[in-house]
Amino acid sequence: MRMTEHAVVMAGAGPTGLMLAGELALAGVGVVIVERRPTPELVGRRAGGLHSRTIEVLDQRGIADRFVSEGKKYPVVSFHIPLDISDFPTRHNYVLGLSQNHIERILAAWVDELAVPIHRGREVTGFAQDDTSVEVELSDGQSLRAEYLIGCDGGRSLIRKAAGIEFPGWEPSTSWLIAEARMSQEPEWGFRHDVVGTHAIGKTDDPELIGLVLTERQVGFGREPTLHDISESLIRIYGTDYGIHSPTSISRFTDMTRQAAVYRNRRVLLAGDAAHVHPPMGGQGLNIGVQDAVNLGWKLAQVVKRISPESLLDTYHNERHPVAGRVLRNTMAAGVLRRPDDRTKALGEIVSDLLGMSEPRRRMAGMMSGLDVQYDLGKGHPLLGRRMPDLDLVTAEGPLRLFTVLHHALPVLLNLGEPGAFDLTPWARNRVQLIEAQYVGPWELPALGSVPAPIAVLIRPDGYVAWVAGQATHPGLPEALEAWFGPASSEHRPAD
Ligand SMILES: Cc1cc2nc3c(=O)[nH]c(=O)nc-3n(C[C@H](O)[C@H](O)[C@H](O)COP(=O)(O)OP(=O)(O)OC[C@H]3O[C@@H](n4cnc5c(N)ncnc54)[C@H](O)[C@@H]3O)c2cc1C
């Protein structure tokens with residue numbers, strides 16, 4: 001048996017694992033991904049797009065254009081009805097229609113540029129951890145030793161199970177068959193509603209292939225669905241199977257809704273679907289997985305580099321668990337509102353009426369787009385714990401777009417007040433950037449509206465605000481710097 005050593009081993013090269021690997025590589029942390037699939041190709045359809053906040057975090061790393069140039073913009077998010085977000089104060093006030101296989105391809109190319117090794121066609125089969133390391137067993141009999149193991153291995157996560165992390169939640173109440181196949185007759189395009197639920201037949205990127213989503217009469221368990229199951233369901237719903245043949249993918253998804261009780265067990269952490277599963281309503285799963293990764297990446301990097309204590313990792317659970325908890329709730333609610341009975345339809349009409357009003361629309365759309373997230377960092381200025389807007393700044397060197405200073409995933413102290421008011425020397429060594437700038441535009445947050453202009457803000461590498469000075473005095477900055485970005489330089493222990 002051969003054993004190799006890495007700072008971090010990641011199980012799974014889905015969107016979450018790829019994003020997290022990129023974040024760690026940007027921070028200079030040695031990471032390797034183990035992926036069960038032998039090739040990057042993704043069979044079948046899964047996510048269909050990116051929400052505003054996900055596009056923003058990609059923009060913070062300078063890679064949003066790669067996705068935007070391949071996708072299609074839609075000015076609405078969906079919760080029960082389409083909700084307009086074109087008035088949201090962000091450069092990315094739209095949903096980007098782009099299928100998961102393209103999202104993964106673009107992320108994989110970025111990770112490749114950052115020279116992250118991906119061991120494809122191998123899977124993690126188990127692990128053992130002690131106080132200093134994790135020994136990760138692979139399906140080919142080899143093993144890897146790492147300081148941390150991250151389970152980005154999807155909803156059926158082996159890492160979660162092997163870590164003994166509970167996954168409480170709700171069993172499925174409905175299941176859907178999803179397939180791509182050819183048909184010898186023209187089908188009935190679009191949606192069809194009946195007593196069982198909603199069914200859909202639509203075109204795909206490939207003109208030869210037809211995409212289907214069919215609600216099953218009973219929740220399907222266990223056995224993988226076959227072409228025969230699809231044909232039978234089509235006949236039951238449409239009276240014909242339209243001569244369906246040559247499927248390229250057939251699978252099933254359900255409204256099972258569960259969340260890991262904890263996101264960390266010592267040296268093992270979970271992110272993405274490994275930590276939370278829910279039905280695809282509103283298209284949020286991939287999006288919150290990528291945002292989990294961006295929350296965890298810089299924290300894990302600082303812990304691995306001995307800049308911050310291990311307790312920083314607990315803020316990952318504390319911040320991200322409630323975000324997925326909200327998604328579990330809104331997808332359960334959206335699922336119930338789809339029920340085809342008259343009472344539910346009456347409820348749905350009232351919900352539609354409410355969402356037609358400006359404030360409820362902004363509230364729900366803020367949640368669906370991920371733009372309204374506020375981490376609980378205590379009381380204070382409304383920006384505290386919220387995403388920093390991508391301001392157009394003016395500096396002595398010329399105009400500067402705020403997100404560009406986050407490209408290297410380093411924290412930023414933005415001083416919009418008296419130049420020279422801050423001394424960051426103890427945090428230098430490329431750990432915290434100081435930007436002196438002016439900003440004359442409005443201060444407006446999505447779903448919240450106008451907020452008072454701050455004098456200075458401390459921005460984490462994930463783009464969330466860790467500290468705000470609302471007036472000329474700025475108490476608490478050294479404490480915030482130390483809490484988030486480690487003690488001042490002289491006290492450092494060198495990285496091992
Ligand atoms: C029908 C459908 C529609 C959806 N629509 C949307 C949408 O519109 N928007 C949205 O945001 N989300 C959507 N989702 C959800 C989205 O697909 C997932 O949330 C997303 O793929 C999660 O990414 P992940 O990287 O966490 O996990 P996954 O994408 O599941 O990736 C896990 C990876 O780990 C690998 N793996 C598993 N076990 C091991 C192991 N033991 N060792 C090594 N590798 C392993 C797998 O091969 C896989 O590549 C949809 C899902 C479905 C089913």
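Order of appearance sets the numbers: ligands from 1, and atoms from 1 within every ligand. This is a predicted model, so every value here is computed, not measured.
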J.: Just to be sure I'm reading this right: ignoring hydrogens, which of Met281, Glu104, Arg46, Met10 gets closest to atom 3 (C) of ligand 1? Compare them by their nearest heavy atoms.
T.: Arg46
J.: Quick one: look up the protein heavy atom nearest atom 48 (C) of ligand 1 and list residue, atom name and how far away it is.
T.: Glu35 OE1, 3.5 Å
J.: Less than 4.0 Å is my threshold; does some heavy atom of Gly289 fall inside it relative to ligand 1?
T.: no
J.: On a heavy-atom basis, which atom in Pro389 and which in Leu445 lie closest, and how many Å separate them?
T.: CG-CD2, 3.8 Å
J.: Identify the closest protein heavy atom to atom 45 (C) of ligand 1: which residue and atom is it, and at what distance?
T.: Arg36 CB, 3.8 Å
J.: Ligand 1 and Asn287, any nitrogen or oxygen pair closer than 3.5 angstrom?
T.: yes
J.: Side-chain donor-acceptor pair under 3.5 Å between Ser133 and Glu147, yes or no?
T.: no
J.: Would you say Ala11 has any N or O atom under 3.5 Å from an N or O of ligand 1, going by distance alone?
T.: no
J.: Could you tell me if Arg387 sits above the aromatic ring of Tyr464, with its cationic atom closer than 6.0 Å to the ring centre and no more than 45 degrees from the axis?
T.: no
J.: Among all the protein's non-hydrogen atoms, which is closest to atom 8 (O) of ligand 1, and how far away is it?
T.: Gly48 N, 3.1 Å
J.: Checking a contact table here: which protein heavy atom is nearest atom 37 (C) of ligand 1, and how many Å away?
T.: Asp153 O, 3.3 Å
J.: Within a strict 4.5 Å, meaning less than it, do heavy atoms of the Leu214 and Tyr238 side chains meet?
T.: yes
J.: When you measure from the centre of the six-membered ring of Tyr316, is the NZ or CZ of Lys299 closer than 6.0 Å and no more than 45° off the axis?
T.: no
J.: Look only at interatomic distance and state if Pro280 has a nitrogen or oxygen under 3.5 Å from any nitrogen or oxygen of ligand 1.
T.: no
J.: Can you name the atoms of ligand 1, numbered from 1 with element, that are less than 4.0 Å from a heavy atom of Gln284?
T.: 9 (N), 10 (C), 11 (O)
J.: Looking only at distances, please establish whether an N/O atom of ligand 1 is found under 3.5 Å from an N/O atom of Pro15.
T.: yes
J.: Could you list the atoms of ligand 1 found under 4.0 angstrom from a heavy atom of Glu123?
T.: 40 (C), 41 (N), 42 (N), 43 (C)
J.: Near Ile178, which atoms of ligand 1 are under 4.0 Å from a heavy atom of that residue?
T.: 1 (C)
J.: Using the rule salt bridge (charged side-chain N to carboxylate O under 4.0 Å, His left out), only one of Arg252, Arg217, Arg236, Arg223 pairs with Asp229; which is it?
T.: Arg223
J.: Can you report which non-hydrogen protein atom sits closest to atom 43 (C) of ligand 1, along with the distance?
T.: Val34 O, 3.3 Å
J.: Of all heavy-atom pairs between Pro172 and Asp255, which one has the smallest distance, and what is that distance?
T.: CA-OD1, 3.1 Å
J.: Is there a polar contact between ligand 1 and Gly49, counting only N or O atoms under 3.5 Å apart?
T.: no
J.: Are any of the side-chain heavy atoms of Arg182 and Tyr242 separated by less than 4.5 Å?
T.: no
J.: Are any of the side-chain heavy atoms of Glu56 and Leu371 separated by less than 4.5 Å?
T.: yes
J.: Between Arg361 and Asp87, is there a side-chain N and carboxylate O pair less than 4.0 Å apart?
T.: yes
J.: Can you name the atoms of ligand 1, numbered from 1 with element, that are less than 4.0 Å from a heavy atom of Arg37?
T.: 47 (O), 49 (O)
J.: How are the rings of Tyr94 and His92 set relative to one another: parallel (under 30°), tilted (30 to 60°) or perpendicular (over 60°)?
T.: perpendicular
J.: Taking only heavy atoms of Gly272, which atoms of ligand 1 are found under 4.0 Å from at least one of them?
T.: 26 (O)
J.: With heavy atoms of Gly12 as the reference, note each atom of ligand 1 found under 4.0 Å away.
T.: 33 (C), 34 (O), 35 (C), 44 (N)
J.: Has ligand 1 got any nitrogen or oxygen that is less than 3.5 angstrom from a nitrogen or oxygen of Gly285?
T.: yes
J.: Select the closest option to atom 7 (C) of ligand 1 among Pro38, Gly17, Ala47, judged by heavy-atom distance.
T.: Ala47
J.: Cation over ring, Arg460 on Trp484, under 6.0 Å and within 45°?
T.: yes
J.: Quick one: nearest non-hydrogen protein atom to atom 18 (C) of ligand 1, plus distance?
T.: Asp273 OD2, 3.3 Å
J.: What atoms of ligand 1 come closer than 4.0 angstrom to any heavy atom of Cys152?
T.: 32 (C), 33 (C), 34 (O)
J.: Distance under 4.0 Å to a non-hydrogen atom of Gln100: what atoms of ligand 1 satisfy this?
T.: 16 (C), 17 (O), 20 (C), 21 (O), 29 (O)
J.: Salt-bridge test for Arg386 and Glu319: reply yes if a basic N is under 4.0 Å from a carboxylate O, no otherwise.
T.: no
